[in-house]
Amino acid sequence: MSVLPKIDRYLRATRMPPTRFGRLAVNDPRLVGDLQRGRHVGQRLVARIEAFIEQSSQ
């Protein structure tokens with residue numbers, strides 16, 4: 001499963017700009033835009049993204 005739907009839900013819920021999310025989650029402000037354009041990320045990066053979302057949601 002792609003991590004992009006999880007990111008999209010998080011961005012809608014928090015009203016956070018995509019570039020800020022990428023910078024805070026994995027130090028890559030282009031992350032969300034790149035994912036929307038078809039970038040594939042490895043499991044380690046997905047784990048970091050999911051951990052950021054989980055941590056921020058508490």
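Sequence positions, counted from 1, serve as the residue numbers for this chain. Keep in mind that the numbers below use all heavy atoms, side chains included, and drop hydrogens, waters and symmetry copies.
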Q: Starting at CG of D34, measure out to NE2 of H40 and round the result to the nearest 0.5 Å.
A: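 Going from CG on D34 over to NE2 on H40, the span is 12.0 Å.
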Q: Quick one: does I7's side chain get under 4.5 Å of Q36's, heavy atoms only?
A: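 No, side chains not in contact.
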Q: Once you round to the nearest 0.5 Å, how far does CD of E54 lie from NZ of K6?
A: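 The distance works out to 10.0 Å.
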Q: Decide side chain to side chain contact (heavy atoms under 4.5 Å, CB included) for L24 and M16; before the verdict, give the C-alpha distance in whole Å, the side-chain angles of both, and the deciding distance to 0.1 Å.
A: CA-CA 11 Å; L24 292 174; M16 182 182 290; 4.1 Å; yes
Q: Show the numbers, then the answer: is there a salt bridge (Lys or Arg N to Asp or Glu O under 4.0 Å) between D28 and R48?
A: CA-CA 12 Å; D28 180 359; R48 287 177 59 196; over 6 Å; no
Q: Measure the CG-CD1 distance between L31 and I49 for me, rounded to the nearest 0.5 Å.
A: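 Going from CG on L31 over to CD1 on I49, the span is 4.5 Å.
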Q: Drop me the distance from I53's CD1 to F21's CZ, to the nearest 0.5 angstrom.
A: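 With rounding to 0.5 Å, CD1 (I53) is 4.0 Å from CZ (F21).
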Q: What do you reckon, is CZ of R39 surrounded by more than 12 foreign heavy atoms closer than 6.0 Å?
A: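 For R39, atom CZ is crowded (more than 12 foreign heavy atoms under 6.0 Å).
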Q: If you define the side chain from C-beta out and look only at heavy atoms, does anything of V26 sit under 4.5 Å from F52?
A: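 They are not in contact (no side-chain heavy atoms under 4.5 Å apart), so the answer is no.
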